Undergrad: 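Dropping a structure here in structure tokens format, bear with me for questions.
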Amino acid sequence: MTGPFTIVPHRSGSYPLYVGAGILGELPSIVGRVSDAALAVVVTSRRLEPLFGDAIAGAFARAGRSAKLVTFDEGEDRKTLATAGGIVDALIALGAKRDTVVIAAGGGVVGDTAGFAASIFLRGVDLVHVPTTLLAMVDSSIGGKVAVNHPSGKNLIGSFHQPAAVVSDVDLLATLPPRELLSGTFEALKSGVIGDRELFELLEGGEAPGGPLLEEVIRRSAAVKVAIVSGDERESGDRRLLNYGHTIGHALEAATGYGAVTHGEAVAWGMIGANAVASGRGLLSFDVARRIDAAVLAHGPAPLPPLDRGEVVRALEHDKKFVSSRRVMALPRAVGRCTVDEVEMGEIESGIDAAIAASAGEVRA
Ligand SMILES: NC(=O)c1ccc[n+]([C@@H]2O[C@H](COP(=O)([O-])OP(=O)(O)OC[C@H]3O[C@@H](n4cnc5c(N)ncnc54)[C@H](O)[C@@H]3O)[C@@H](O)[C@H]2O)c1
């Protein structure tokens, strides 16, 4: 029996995080250890169910338990209150009561939507995340944030609902499209810059992580996120470090209409923008900024479609995290160390220019 990789503490308890190759078969016993729920409901997407629905059902059958299945049509545009409501309808139709555990199996979209449904059904039932993308393993399944989108913005409707466990089976990534692996790789690179120099160096050469390296990358990235979220559950302090690359990245994503580049690619360009801001104010040496930029570019993020700074600034002005308080950005000071600093709009504009220029292939002088 695999032991947890780590235990994630939070305000009202803690949960185990499992990382390993082939551990999906242990899901029923892990669920049994963390939840005394009588009914297990696997929530996944119609697209993903053929990939691992049978494996999960088979694991429960071998353990002498049964798990019900609920599927929905996923996609960033389906990460809505209506979809979460549909999941709640399905739980009610299954006769689910408080002693239900929702097992959210999928990428960040499934985890966020099914997790949000679990957080509102009967004021919250047990939730176990089974992330199936690299991004979900290193980022979205950890930390207890669950949300759906509103027509006026991403993740505007959500809750904090800590999982009872997270089970990351690295083997599930075998079917992940290369571009989705790349998207998660940029989140891992981000974690390296924030808090783990060796993780950064593992990824610096630009090779796509695979085999034992992939597991190492997941463990190290998850450890960075765990260290930060367990000290700051509700994003008032250190948790903002995780926004490195995201302030400009989110605005790039919104300005390009979501989908032109993946979330991780937008973060990649946003990291280059943040590096320019950090070196512009003398927090980061020019050489280290160039080193991080080079690591990002070595992985080959898809270029941004043509856009001008004004569109990105307008998108930034809609960012709930950015406008709700002072204008702060997570800025690197070295590989493995970031701080959260208050910035001027002009500095951010120069960061946006740097990101757009890098995407266009221009090297900073
Ligand atoms: N809650 C949080 O803290 C948090 C943090 C970061 C991101 N997010 C959210 O996560 C979402 C992005 O997540 P994502 O990058 O995982 O994207 P995603 O969930 O859209 O998955 C990407 C694609 O990969 C497919 N896929 C998933 N697993 C697969 C597998 N094993 N094999 C083959 N295909 C597979 C999906 O069907 C989808 O087409 C966004 O909605 C974002 O807002 C949440």
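Order of listing sets the numbers, starting from 1, for every ligand and every atom in it. Owing to the predicted nature of the structure, the values given are computational and were not obtained by experimental measurement.
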Undergrad: Which is closest to atom 27 (C) of ligand 1 by heavy-atom distance: Asp169, Thr133, Leu181, Asp171?
TA: Thr133
Undergrad: Do Val41 and Phe121 come within less than 4.5 Å of each other through their side chains, counting heavy atoms only?
TA: no
Undergrad: Could you tell me whether some N/O pair between Thr132 and ligand 1 is separated by less than 3.5 angstrom?
TA: yes
Undergrad: For ligand 1, find out whether one of its N or O atoms is nearer than 3.5 Å to an N or O atom of Ser183.
TA: no
Undergrad: Have a look at ligand 1 and work out which part of Leu51, if any, has a heavy atom under 4.0 Å from it: side chain, backbone, both or neither.
TA: side chain
Undergrad: We want to know whether Lys145 and Asn155 form a side-chain donor-acceptor pair, criterion being a heavy-atom distance below 3.5 angstrom.
TA: no
Undergrad: Just heavy atoms, cut-off under 4.0 Å: does Glu76 contact ligand 1 by side chain, backbone, both, or neither?
TA: side chain
Undergrad: Answer with side chain, backbone, both or neither: which part of Asp112 has a heavy atom less than 4.0 angstrom from an atom of ligand 1?
TA: side chain
Undergrad: Ignoring hydrogens, just give me the one of Thr262, Leu242, Val146, Asp139 whose non-hydrogen atom is nearest atom 6 (C) of ligand 1.
TA: Asp139
Undergrad: Is it true that the side chains of Thr83 and Arg78 contain a donor and an acceptor less than 3.5 Å apart?
TA: no
Undergrad: Looking only at distances, please establish whether an N/O atom of ligand 1 is found under 3.5 Å from an N/O atom of Val109.
TA: yes
Undergrad: With heavy atoms under 4.0 Å as the rule, classify the contact between His161 and ligand 1 as side chain, backbone, both or neither.
TA: neither
Undergrad: Report the part of Leu172 in contact with ligand 1, treating N, CA, C, O as backbone and CB onward as side chain, heavy atoms under 4.0 Å; options are side chain, backbone, both, neither.
TA: backbone
Undergrad: Does ligand 1 have a heavy atom under 4.0 Å from the side chain of Leu48, from its backbone, from both, or from neither?
TA: side chain
Undergrad: Between Asn155 and ligand 1, which residue portion shows a heavy-atom distance shorter than 4.0 Å: side chain, backbone, both, or neither?
TA: side chain
Undergrad: Short list, please: which atoms of ligand 1 are under 4.0 Å from a heavy atom of Gly108?
TA: 10 (O), 11 (C), 13 (O), 14 (P), 16 (O), 19 (O)
Undergrad: State the CZ-CZ distance between Arg123 and Arg98, to the nearest 0.5 angstrom.
TA: 9.0 Å
Undergrad: Describe, in one word, how the ring planes of His299 and Phe186 are oriented to each other, choosing from parallel (under 30°), tilted (30 to 60°) and perpendicular (over 60°).
TA: perpendicular
Undergrad: Identify, by atom number and element, the atoms of ligand 1 in contact range of Lys79, meaning under 4.0 Å from any of its heavy atoms.
TA: 9 (C), 40 (C), 41 (O), 42 (C), 43 (O)
Undergrad: Taking atom types as modelled and ignoring hydrogens, do the side chains of Ser152 and His150 form a donor-acceptor contact shorter than 3.5 angstrom?
TA: yes
Undergrad: Should you measure from each heavy atom of Lys154, which atoms of ligand 1 turn up under 4.0 Å away?
TA: 40 (C), 42 (C), 43 (O)
Undergrad: Considering His129, Arg78, Lys225, which one's heavy-atom position lies nearest to atom 3 (O) of ligand 1?
TA: Lys225
Undergrad: Can you tell which of Arg47, His246, Glu187 gets a heavy atom nearest to atom 39 (O) of ligand 1?
TA: Arg47
Undergrad: Tell me the contacting part of Pro177 for ligand 1: side chain, backbone, both, or neither, using a 4.0 Å heavy-atom threshold, strictly below.
TA: side chain
Undergrad: If you measure from NE2 on His263 to OG1 on Thr133, what distance do you get to the nearest 0.5 Å?
TA: 10.5 Å
